[in-house]
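Keep in mind that this is a model prediction, so the values were computed, not measured. Scope of the values below: all heavy atoms of this structure, side chains included, with no hydrogens, waters or symmetry mates.
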Amino acid sequence: MSTVLLHIENGVAYITLNRPEKYNSFNRDMALALQAHLDACEKDDNVRCIYLSGSGKGFCAGQDLAEASDPSNIDFEKVVREHYNPVIMRFRNIEKPIVAAVNGVAAGAGANIALACDVVVANKSATFIQAFSKIGLVPDSGGTYFLPRLVGMQRATALMMLADKVSADEAVNMGMIYKVFSDEEFEKESKQIALNLAQMPTVGLGLTKRALNQSFSNTLHQQLELEKELQVKAGHTEDFAEGVSSFLQKRKPEFKGK
């Protein structure tokens with residue numbers, strides 16, 4: 001059985017973590033398979049949005065400690081360097097929108113993988129937990145980078161040290177995620193977001209993502225210069241021409257991501 005599933009339809013690449021019996025916790029096979037699928041999606045012009053979800057009742061429970069016979073002997077340097085860091089870097093560097101559809105528990109690295117995506121939505125049953133402190137570990141997978149920027153240093157520190165379980169509603173209210181949907185409407189509504197993004201001017205969305213990435217370290221002057229450069233690039237796209245033409249002609253635009 002494949003640990004990560006990939007299905008492409010209507011411009012959306014649906015990537016599903018597929019170890020439901022383990023709440024989609026990561027082992028090496030899953031980490032490498034996810035990286036391979038992300039690489040394929042980046043190169044495929046037919047893919048204009050990526051939708052990440054988990055099979056079964058959970059999104060991702062983080063690292064599968066049972067992968068090693070003795071959890072205390074896991075090579076953490078290798079796991080973080082080869083499994084998680086490459087996934088996070090791909091999420092941020094692929095200039096296509098990535099939707100994390102959190103359909104259940106997102107714990108440890110599973111929570112931080114979700115938070116590294118561009119748009120994060122969850123069903124009512126979903127929970128987020130920085131579970132690392134419960135076993136004496138440090139948050140990884142970009143958690144110490146993204147969470148303070150989403151919810152503030154004080155709240156991020158408390159969530160990471162106390163390992164509080166955060167409900168989907170709480171996550172929305174504190175700015176951790178974008179939206180929460182009822183369990184019944186979640187799949188339909190979350191996939192509609194991905195479909196909407198896939199039909200938008202995705203070159204411009206990718207450039208927006210690039211600007212947001214660099215805003216974390218740029219000065220205001222540097223960011224203004226970057227916005228100018230990226231606006232020039234966006235202004236030379238076919239999508240911009242189509243957007244202006246459709247506006248003037250009062251018709252629905254047909255963007256092609258070019």
Would you tell me whether Ser125 and Asp183 have side-chain atoms, one donor and one acceptor, within less than 3.5 Å of each other?
yes
Does Arg19 make a cation-pi contact with Tyr23 (under 6.0 Å, within 45 degrees of the axis)?
no
Nearest-0.5 Å distance, CG of residue Leu17 to CD1 of residue Ile113
7.5 Å
Decide yes or no for Cys60 and Phe26: does some side-chain heavy atom of the first lie under 4.5 Å from some side-chain heavy atom of the second?
yes
Ala163 and Ser133 have their tightest heavy-atom pair at CB-OG, 3.5 Å
Can you measure from CG (Leu115) to CZ (Arg149) and round to the nearest 0.5 angstrom?
13.0 Å
Quick one, Ile8 and Leu6 - any side-chain contact, counting heavy atoms below 4.5 Å?
yes
Give, for atom CG of Asn10 and atom SG of Cys49, the distance between the pair rounded to the nearest 0.5 Å.
12.0 Å
Pair Gln35, Asp39: side-chain N/O donor-acceptor within cut-off below 3.5 Å
no
Does a donor on one side chain and an acceptor on the other come within less than 3.5 Å for Arg48 and Thr202?
yes
Considering only NZ, NE, NH1 and NH2 on the basic side and carboxylate oxygens on the acidic side, decide whether Lys233 and Glu229 come within less than 4.0 Å.
no
Got a salt bridge between Arg90 and Glu42, using NZ or NE/NH1/NH2 to carboxylate O under 4.0 Å?
no
Is it the case that Thr3 and Asp29 place a side-chain donor and acceptor less than 3.5 Å from each other?
yes
To the nearest 0.5 Å, how far apart are CG in Leu159 and CZ in Arg155?
7.5 Å
I'd like to know if Asp169 and Lys124 make a salt bridge, using a cut-off of under 4.0 Å between side-chain N and carboxylate O.
yes
Check this for me: does any side-chain nitrogen of one of Asp118 and Arg92 sit under 4.0 Å from a carboxylate oxygen of the other?
yes
Whether His7 and Tyr14 hold their rings parallel, tilted or perpendicular, with breakpoints at 30° and 60°
parallel
Reported CG-to-NZ distance for the pair Asp239 and Lys256, which is rounded to 0.5 angstrom:
9.0 Å
Is a side-chain donor or acceptor of Gln222 paired with a backbone partner of Thr219 at a separation under 3.5 angstrom?
yes
Pairing donors with acceptors under 3.5 angstrom, does anything connect the side chains of Gln130 and Asn112?
yes
Are Lys179 and Glu189 ion-paired here, with the side-chain N under 4.0 Å from a carboxylate O?
no
